[in-house]
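Structure first, then comments.
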Amino acid sequence: MKQSNNFSLNVVEIIKKIPSGKVTTYGTVALLAGSPRAAREVGYLLHSLTEKHNLPWQRVINKKGYISIRGGDINLKNMQKLLLEKEGVEVSEDFMVDLEKYGWFGDSSRKT
DNA sequence: AACATGACGGACA
DNA sequence: GTGTCCGCCATGT
């Protein structure tokens, strides 16, 4: 862990700036963090934070508006769904979120 | 210092 | 429009 680099700090800062009822993508966070192609690192970094911090990592999803989570933390995804729904975000059974409606930044510009 | 891995993204088939 | 492969950047070993 040790987010010594400015990048990690930027990601955390940005995530903390995400308003409730909104969601964003790794790509956007990475872009704002200073590395538009480092989307992987955003999620990778979040996986280190999870509930250990008070970061709304739940609002950060992939470009498809879907929670990837390769690890298999299905409970994490389920928790995520509930959290987003409580914030006013519609989440499908497949953990799909409408980025065109709930996209925080420019996420609404693109979709499948 | 180098290699391998990873909550992704975009391009190509 | 869907599926698959390659690539980018940072972290961990």
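Only a predicted model underlies this, so the values are computations on that prediction, with no experimental measurement involved. Hydrogens, waters and symmetry mates are skipped; everything else that's a heavy atom, side chains included, is used.
A side-chain donor-acceptor contact under 3.5 Å links A:D107 and A:T24.
Checked for salt-bridge contact, A:E87 and A:K22 miss the test: no charged N lies under 4.0 Å from a carboxylate O.
Checked against B:dA7, B:dC8, C:dC9, the side chain of A:L46 finds its nearest nucleotide in B:dA7. Side-chain proximity of A:I67 to C:dC9, B:dA7, B:dC8: nearest is B:dA7.
The separation between A:Y44 atom OH and B:dG9 atom P is 17 Å, rounded to whole Å. For the pair A:N10 CG and C:dC9 C1', the computed distance is 14 Å after rounding to whole Å. Between the CZ atom of A:F7 and the C1' atom of C:dA10 there is a distance of 7 Å, given to the nearest Å. Rounded to whole angstrom, the span from the CE atom of A:M79 across to the C1' atom of B:dA7 amounts to 12 Å. Whole-Å rounding puts the A:L9 CG to C:dT11 P distance at 10 Å. A:N62 has its CG atom 7 Å from the C1' atom of B:dC8, to the nearest Å. B:dA11 atom C1' lies 12 Å from atom NZ of A:K64, rounded to whole Å. One interatomic measurement links the two molecules: CG of A:L45 to P of C:dC8, which rounds to 21 Å at whole-angstrom precision.
Here A:S8 reaches the OP1 or OP2 of C:dT11: one of its side-chain N or O atoms lies under 4.0 Å away.
The hydrophobic cluster containing A:Y102 also contains A:M79, counting ILVMFWY residues as joined when their side-chain heavy atoms lie under 4.5 angstrom apart, directly or transitively. Hydrophobic cluster membership differs between A:L55 and A:L31, with clusters built from Ile, Leu, Val, Met, Phe, Trp and Tyr side chains linked at under 4.5 angstrom.
Shown here are the side chain to side chain donor-acceptor pair (under 3.5 Å) partners of A:Y44, two or more places apart in sequence or in another chain: there are none.
To the nearest 0.5 angstrom, A:R40 atom CZ is 14.5 Å from A:L45 atom CG.
Other residues, nucleotides and ligands contribute at most 12 non-hydrogen atoms within 6.0 Å of the CD atom of A:E90.
Against DNA chain C, the stretch residues 24-37 of chain A makes heavy-atom approaches under 4.0 Å through A:S35, A:R37.
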